[in-house]
Student: 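Structure in structure tokens, see below.
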Amino acid sequence: RGITGQLRALVSNMAPDAPEFEVDFKQISGVQLVPELERAVVGIVREAIQNVRKHANAQSVRLEVRRADDELRLYVIDDGVGMANGKGPNGHFGMEIMRELAEDLGGKLEIDSESGRGTKIEAYLPLVLPAVSAFGESSGLAASEVGQRPTTTSIGAQDAQAVVGD
């Protein structure tokens, strides 16, 4: 099942008490994402819509995933109660989980929320991920230090092997 199927399943799992959902996946329909990016998108959307269900008291939610240049942009926007300080309730870590999922790929997460005005979550995730070693970490060396030009690639098992060598 592709990314759009997974996202539609997440939305449908909120029924029967779900707010009205508007989804827009046109720009990524049929697109094959590397597993790391797919996991981050699904994780961010899952956490965002769970927060809507548990805390927002929203009537409607817009979920949009689109491609722009070399990044994937993810938007979850609700018309719920919002958050006074733009942070989740104390003792809840959903916002931090979403932020880590984005930042672990070199992306970023922005949260815009005010009490009584709903919440807008925006994630910007790179489609081209930095090259990593077989251990999942960057070497920490600049290309000039190892005598090679910089390398970026979409990460997968074969790509990691190609970066490190056989």
Side-chain angles (χ1 to χ4, degrees), residues 1-16 18-54 56 58 60-78 88 93-112 119-143 146 148-166:
R1 182 165 58 169
I3 187 69
T4 56
Q6 292 180 63
L7 295 176
R8 289 185 194 286
L10 286 173
V11 170
S12 68
N13 287 339
M14 285 191 64
E20 179 181 321
F21 262 87
E22 178 184 347
V23 297
D24 183 356
F25 305 141
K26 290 186 294 265
Q27 292 188 356
I28 63 162
S29 183
V31 171
Q32 182 68 39
L33 302 176
V34 294
E36 294 83 354
L37 183 56
E38 194 169 288
R39 277 192 293 275
V41 169
V42 170
I44 291 168
V45 170
R46 178 186 300 116
E47 192 61 44
I49 64 176
Q50 283 180 0
N51 287 345
V52 169
R53 183 177 57 81
K54 291 179 182 178
S60 66
V61 179
R62 176 165 176 78
L63 170 58
E64 182 177 346
V65 183
R66 69 175 114 139
R67 185 177 181 165
D69 299 321
D70 59 349
E71 69 182 5
L72 200 65
R73 296 181 183 175
L74 168 66
Y75 304 92
V76 182
I77 305 163
D78 72 65
F93 302 100
M95 298 296 183
E96 191 58 36
I97 289 169
M98 289 187 288
R99 188 174 311 284
E100 286 177 10
L101 284 166
E103 290 176 354
D104 284 351
L105 295 179
K108 66 180 179 175
L109 184 87
E110 296 178 0
I111 301 166
D112 181 17
T119 301
K120 180 178 184 179
I121 295 173
E122 300 175 62
Y124 303 92
L125 306 170
L127 287 171
V128 178
L129 304 177
V132 297
S133 74
F135 302 105
E137 301 174 6
S138 63
S139 68
L141 300 176
V146 293
Q148 298 177 359
R149 60 187 179 90
T151 303
T152 58
T153 187
S154 295
I155 301 300
Q158 292 173 338
D159 294 325
Q161 201 170 27
V163 170
V164 177
D166 293 334

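Residue indices begin at 1 and follow the sequence shown.
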Student: Check L125 against A102 and note the closest heavy-atom contact, atom names and distance.
Tutor: CD2-CA, 3.6 Å

Student: Are the side chains of N51 and M98 in touch, meaning some heavy atoms are under 4.5 Å apart?
Tutor: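 Yes - at least one pair of side-chain heavy atoms lies under 4.5 Å apart.
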
Student: Can you find a pair of side-chain heavy atoms, one from L74 and one from V45, that are under 4.5 Å apart?
Tutor: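 Side chain of L74 against side chain of V45, heavy atoms only: contact under 4.5 Å found.
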
Student: What's the shortest heavy-atom distance between P19 and A58, and which atoms?
Tutor: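 Minimum heavy-atom contact is CB-O, 3.3 Å.
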
Student: Side-chain contact, heavy-atom cut-off 4.5 Å: L127 with L33?
Tutor: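 SC-SC contact between L127 and L33 confirmed.
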
Student: Could you give the distance from CZ (R73) to CD (Q27), rounded to the nearest 0.5 Å?
Tutor: 9.5 Å

Student: Quick one: does R99's side chain get under 4.5 Å of I111's, heavy atoms only?
Tutor: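 Counting from C-beta outward, R99 and I111 do come under 4.5 Å.
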
Student: Could you tell me if the side chain of R62 sits less than 4.5 Å from the side chain of D24, heavy atoms only?
Tutor: yes

Student: How long is the span from the CG atom in L109 to the CD atom in E100, to the nearest 0.5 Å?
Tutor: 11.0 Å

Student: Side chain to side chain contact (heavy atoms under 4.5 Å, CB included) between L7 and V23: does it pass, once the steps are laid out?
Tutor: CA-CA 9 Å; L7 295 176; V23 297; over 6 Å; no

Student: At their closest point, which heavy atom of Q6 faces which heavy atom of V42, and how far apart are they?
Tutor: OE1-CG2, 3.4 Å

Student: To the nearest 0.5 angstrom, please state how far the CZ atom of F25 sits from the CZ atom of R66.
Tutor: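 So the CZ of F25 and the CZ of R66 are separated by 13.0 Å.
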
Student: Rounded to the nearest 0.5 Å, how far apart are CD1 of I121 and CG of D112?
Tutor: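 Going from CD1 on I121 over to CG on D112, the span is 10.5 Å.
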
Student: Report yes if the side chains of L105 and E36 come closer than 4.5 Å at any heavy-atom pair, otherwise no.
Tutor: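 Touching, per the 4.5 Å side-chain cut-off.
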
Student: Indicate yes or no for a side-chain donor-acceptor contact from S29 to the backbone of K26 under 3.5 Å, with no hydrogens or angles considered.
Tutor: no

Student: In Å and rounded to the nearest 0.5 Å, what is the CD to CG distance from E20 to D78?
Tutor: 13.0 Å

Student: Closest heavy-atom contact between G94 and E47?
Tutor: CA-OE2, 3.2 Å

Student: Any side-chain heavy atom of L72 within less than 4.5 Å of one from V41?
Tutor: yes

Student: To the nearest 0.5 Å, what is the distance between CD1 on I49 and CD1 on I44?
Tutor: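 Here the interatomic distance stands at 12.5 Å.
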
